[in-house]
2 protein chains.
Amino acid sequence: MILDSETKAVELPEDHGDELRLWLRLLTCTNLIEGAVRSRLRERFEVTLPRFDLMAQLDRAPEGMTLSDVSKRMMVSNGNVTGLVERLVESGHLDRRTSDSDRRVQVISLTKVGRAEFRKMAAEHETWIADIFSDLTPKDVRELMRLLAKAKGSAQRSATRRTG
Amino acid sequence: MILDSETKAVELPEDHGDELRLWLRLLTCTNLIEGAVRSRLRERFEVTLPRFDLMAQLDRAPEGMTLSDVSKRMMVSNGNVTGLVERLVESGHLDRRTSDSDRRVQVISLTKVGRAEFRKMAAEHETWIADIFSDLTPKDVRELMRLLAKAKGSAQRSATRRTG
DNA sequence: GCCAAATACTTGAAGTCTAAAGAAATCCGG
DNA sequence: CCGGATTTCTTTAGACTTCAAGTATTTGGC
């Protein structure tokens, strides 16, 4: 057995328990925070997390974004964005117009009302996040940023290996 | 202004941008991995992530779990678990029985088929996760585990402060 | 024992999400 | 400039999710 393991003559089931535990912890951590943010958004502003996220994307793009861009940025399906935008246009938070140069493309942007509401929510949202992470030192934050960036890169390369 | 800032006589808007960026990175990282796992589960086993997660919980509890326990562990609502279990019982992966000691309680457990199928999926799942994190050194993994544990604790204390 | 409170679960309405198929417009090789 | 490939978006079916309200059961104070 030791020989096998050293020579790699046969594939023994390797132990990947640590990676699995890391993944579960990452997931738990994210779900915990996501749940807190979700319920606070609902309580304080009666808005859902997906709507807030969509508005956050648009707040950074004053000239608007196409649905495809939003879809990529938010890492959700195209069809999902269609419905989400539908409801936000309906409620007066978003404007939507067909691109002049390409009639397939829909460009969406925040309305004045939408932007004002988002800014109010975002300011408070930022304090929630700060409170949630308040036990972390600045060094912890930097270190987490660094390691998560590395993990993200690793995951992306893994995805590339899979799909080509 | 400097005086104000030092004496804390007035509340200036503090900069929590780092924490916000950390949260966004955490979310991106998790979504990326979750998406990869989701599509692989679908491709290889035609199973959804929530079903896999539920079976994973039950695999660790040979004697079964109550719906409430599952709900807490998975951090999802009770109503959600009801539907999820419904479909897995339907497909023959889960057994469900009413507790003898408390007729409000439903105890669910994996069927023989369900357990066998899960074990097969879990083995492969573990290799996916290992591949996704393969650029991380063992030290990176340990460090991430430590920092995420700290972040989790911080988030939990934050939630406690909010709800009492 | 009785009854209010708490607990465990289900149901219902609305929203979010995916994958897959379809419609419309553009692109591009010939 | 034609026609197939590609891109962008919508639609559809089915699953998942939350919250809130409702049902059944147990618990605990009296």
Exercise. Got a sec: does the CD of B:Glu43 have more than 12 other heavy atoms crowding it under 6.0 Å?
Worked result: yes

So, OP1 or OP2 of [N]: does either fall under 4.0 Å of a side-chain N or O from [X]?
| X | N | value |
| --- | --- | --- |
| B:Arg103 | D:dT26 | yes |
| B:Arg42 | C:dA20 | no |
| A:Arg104 | D:dT10 | no |

For this session: Among D:dT8, C:dC17, C:dT10, find the nucleotide with the atom closest to the side chain of B:Thr82.
Result: C:dT10

Exercise. From the list D:dC9, D:dC16, C:dT18, which nucleotide is the closest neighbour of the side chain of A:Gln106?
Worked result: D:dC9

Exercise. Between atom CG in B:Asp100 and atom C1' in D:dT25, what is the gap in whole Å?
Worked result: 15 Å

Problem set entry | d(CD1, B:Ile108; C1', C:dA8) in whole Å | 13 Å

Exercise. When the nearest nucleotide of DNA chain D is assigned to A:Asp102 and to A:Asn80 on a heavy-atom basis, which residue is associated with the more 5' position?
Worked result: A:Asp102

For this session: Could you say whether B:Arg51 or A:Gly79 is positioned toward the 5' end of DNA chain D, judged by the nucleotide with the nearest heavy atom to each?
Result: A:Gly79

Using a 4.0 Å heavy-atom cut-off, does [X] contact any base of the nucleic acid, only the sugar-phosphate backbone, or nothing at all?
| X | result |
| --- | --- |
| B:Asn78 | base |
| A:Ser68 | sugar-phosphate |
| A:Thr48 | sugar-phosphate |
| B:Leu49 | nothing |

Any ion pair linking [Y] and [X] (charged N to carboxylate O, less than 4.0 Å)?
| X | Y | answer |
| --- | --- | --- |
| A:Arg161 | B:Asp131 | yes |
| B:Arg38 | B:Glu34 | yes |
| A:Lys150 | B:Asp135 | no |

